[in-house]
Asks: 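This is the structure I have questions about; it appears just below.
For the numbers below, each heavy atom of this structure counts, side chains included, while hydrogens, waters and symmetry mates do not. Owing to the predicted nature of the structure, the values given are computational and were not obtained by experimental measurement.
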Amino acid sequence: MASQLASAQATCAQPYPLDVLLDDMGEVESGLASGTHGLAGGAATRMRTRIVCVEEPLPAIIGARTLRAIGAGLLVRQHVEALGWLESAAAADPEYRYTLENLAELHPLFPAWGTVLDRASLAQPELRENRELAPGEHWLDGMPLTEPVAHPNVPHVYQHRAAEGRPLRTEIMVGTEFPSGALVVREGRRAVVDTTRGKDRAEPEDVPAPLAPGSGVDVVVVRPKAWPSERVALVSGGLSAIAGSALLYALSTQTEANFLASTNTRDIDRYRGATNRLAVGSGAAAAVGVSALSFGLLFYVVDGDPRPSLDIRF
């Protein structure tokens with residue numbers, strides 16, 4: 001699969017805007033629902049070919065949906081890559097289920113989705129040993145990435161911006177085979193320095209500074225206990241969803257302007273549908289983001305109180 005995906009990387013004559021990606025996604029989903037598999041397969045092929053031309057971070061709210069649309073559209077075309085994309089989507093959003101409301105009875109997606117859900121539940125994300133992410137911001141399937149970890153043997157949409165103001169790089173990768181320049185080597189032995197002074201100890205944290213010039217020994221500092229991962233996930237996920245909501249809302253105003261300026265029926269239908277999808281997606285993302293952020297801050301208040309109390313985790 002890796003060689004096939006590598007050969008499919010597009011030479012981008014023009015960018016692939018998110019509103020156009022959402023139009024193609026809508027064509028896949030409507031084609032699947034109506035049984036118009038030629039429409040669904042064609043739109044999925046465009047998405048899979050042009051996804052590397054996206055020039056802005058893929059919003060987290062549509063990351064798994066993008067993978068699912070590509071896989072489902074390729075499946076009805078009996079494409080060899082279809083199950084890999086569907087398994088990647090199942091790993092990103094294992095709670096999603098196809099129903100008779102969006103697929104006809106006996107549709108081939110029902111058994112295929114059940115198969116990839118089983119595979120995804122057994123597969124664990126893999127971490128690239130002795131590697132760390134290169135400087136800059138990284139995203140995988142729409143989610144911010146802080147370490148080189150991914151589900152094995154399935155395609156992913158990887159994005160990297162080396163520094164603020166630099167162009168965004170979008171590529172398709174398989175498993176943990178990150179593109180060239182995405183990772184750097186982590187080297188050296190480690191010493192432990194305790195700075196907790198009797199406080200609760202946390203896991204060691206790597207600090208890239210040598211003990212002495214030429215010693216080849218990196219410092220590992222044991223710091224006071226950091227926020228629990230659950231709280232970090234809630235707060236960061238909430239902020240990401242709110243940012244995605246704002247982006248989708250901005251895109252909806254753009255498509256609404258195109259809708260108002262349209263002079264033919266085809267453009268009117270296209271931009272009206274895109275505006276509605278973006279507006280609904282923006283509202284849903286905002287609701288999810290506010291809820292997650294509120295819960296994260298609530299647990300900060302509970303766990304951050306210095307007075308003796310019952311320690312609550314979830």
Asks: Are L58 and W139 packed together at the side-chain level, in the sense that at least one heavy-atom pair is separated by less than 4.5 angstrom?
Replies: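 Not touching, per the 4.5 Å side-chain cut-off.
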Asks: Donor-acceptor check, side chain of T176 to backbone of E126, threshold 3.5 angstrom: yes or no?
Replies: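 No; zero donor-acceptor contacts below 3.5 Å.
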Asks: On the ring face of Y96, is R68 found with NZ or CZ under 6.0 Å from the centre and within 45° of the axis?
Replies: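 So R68 does make the cation-pi contact.
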Asks: So, does T99 use its side chain to make a donor-acceptor pair with the main chain of E101 at under 3.5 Å?
Replies: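 Checked: pair present.
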Asks: When rounded to the nearest 0.5 angstrom, what distance separates NE2 in H79 from CD1 in I70?
Replies: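 Between H79 NE2 and I70 CD1, I get 11.0 Å after rounding to 0.5 Å.
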Asks: Answer yes or no: is there a side-chain heavy-atom contact under 4.5 Å between T66 and V157?
Replies: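 No, side chains not in contact.
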Asks: Which pair of heavy atoms, one from L168 and one from P57, lies closest together, and at what distance?
Replies: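 Minimum heavy-atom separation between L168 and P57: CD2-N, 3.5 Å.
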Asks: Which atom names give the shortest non-hydrogen contact between D141 and S88, and what distance separates them?
Replies: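 Taking D141 first and S88 second, the nearest heavy atoms are OD2-OG, 3.9 Å.
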Asks: Are any of the side-chain heavy atoms of E132 and L183 separated by less than 4.5 Å?
Replies: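 They are not in contact (no side-chain heavy atoms under 4.5 Å apart), so the answer is no.
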Asks: Nearest 0.5 Å, please: how far is CG in L133 from CZ in R186?
Replies: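 Reported value, rounded in 0.5 Å steps: 9.5 Å.
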Asks: Check whether any side-chain heavy atom of M173 sits under 4.5 Å from a side-chain heavy atom of E171, and report yes or no.
Replies: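 Sidechains of E171 and M173: no contact.
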Asks: Which heavy atom in A150 sits nearest to a heavy atom in L140, and how many Å separate them?
Replies: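 Shortest heavy-atom contact: CB-CD2, 3.7 Å.
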Asks: Given L39 and S30, is the side chain to side chain contact (heavy atoms under 4.5 Å, CB included) satisfied, shown in steps?
Replies: CA-CA 9 Å; L39 176 68; S30 61; 4.1 Å; yes
Asks: Is E29 paired with R65 through a side-chain N to carboxylate O contact shorter than 4.0 Å?
Replies: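 Salt bridge between R65 and E29, a charged N being under 4.0 Å from a carboxylate O: yes.
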Asks: Just verifying a value: how many Å separate R97 CZ and N102 CG, rounded to the nearest 0.5 Å?
Replies: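 R97 atom CZ to N102 atom CG measures 12.5 Å (nearest 0.5 Å).
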Asks: Look only at the side chain of R161 and the backbone of R166, and say whether a donor-acceptor pair between them is shorter than 3.5 Å.
Replies: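 Yes.
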Asks: Quick one about Y158 and H138 (side-chain donor to acceptor, distance below 3.5 Å, no hydrogens or angles considered), yes or no?
Replies: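 Present: a donor and an acceptor within the cut-off.
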Asks: Looking at R48 and I172, what are the two nearest heavy atoms and their distance?
Replies: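 Closest approach of R48 to I172: O-CD1, 3.7 Å.
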Asks: Checking T49 side chain against R46 main chain: does a donor-acceptor pair fall under 3.5 Å?
Replies: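 No.
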Asks: Can you check side chain to side chain contact (heavy atoms under 4.5 Å, CB included) on L117 and E87, steps first, answer last?
Replies: CA-CA 7 Å; L117 279 175; E87 186 175 342; over 6 Å; no
Asks: Quick one: CG on L86 to CG on L109, what's the gap to the nearest 0.5 Å?
Replies: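 Atom-to-atom, L86:CG and L109:CG are 6.5 Å apart.
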Asks: Can L21 and I62 be said to form a side chain to side chain contact (heavy atoms under 4.5 Å, CB included), step by step?
Replies: CA-CA 10 Å; L21 181 148; I62 63 169; 4.3 Å; yes
Asks: Determine whether V116 and L83 make a side-chain contact, defined as any pair of heavy atoms from C-beta on separated by less than 4.5 Å.
Replies: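 Yes, close enough: below the 4.5 Å cut-off.
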Asks: Do Q159 side-chain atoms and E56 backbone N/O form a donor-acceptor pair below 3.5 Å?
Replies: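 Yes, Q159 side chain to E56 backbone: donor-acceptor pair under 3.5 Å.
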Asks: Between L100 and E105, is there a side-chain heavy-atom distance shorter than 4.5 Å?
Replies: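 E105 vs L100: side chains touch.
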Asks: Under a 4.5 Å side-chain heavy-atom rule over Ile, Leu, Val, Met, Phe, Trp and Tyr, are L106 and L103 clustered together?
Replies: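 No.
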Asks: Parallel, tilted or perpendicular for H151 and H156, by the 30°/60° rule?
Replies: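 Ring orientation of H151 relative to H156: tilted.
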Asks: Using side chain to side chain contact (heavy atoms under 4.5 Å, CB included), reason through F178 and L145 one step at a time and then give a plain yes or no.
Replies: CA-CA 12 Å; F178 284 82; L145 198 63; 3.7 Å; yes
Asks: Taking the side chain as every heavy atom from C-beta outward, state whether V52 and C12 have any pair of such atoms under 4.5 Å apart.
Replies: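 In contact.
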Asks: Please give me the minimum heavy-atom distance between P15 and R50, naming the atom from each residue.
Replies: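 Nearest heavy atoms, P15 then R50: O-NH2, 2.8 Å.
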Asks: About how many Å separate CZ of R119 and CG of N153, when rounded to the nearest 0.5 Å?
Replies: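 One gets 10.0 Å once the value is rounded to the nearest 0.5 Å.
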Asks: How long is the straight-line distance from CG of L75 back to CH2 of W85, given to the nearest 0.5 Å?
Replies: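 That separation rounds to 14.5 Å.
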Asks: What I'd like to find out is whether the side chain of M47 reaches to under 4.5 Å of the side chain of M25, using heavy atoms alone.
Replies: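 Side-chain contact under 4.5 Å: yes.
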Asks: Of all the heavy-atom pairs spanning H160 and P135, show the shortest one and how long it is.
Replies: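 Heavy-atom minimum between the residues: NE2-O, 3.0 Å.
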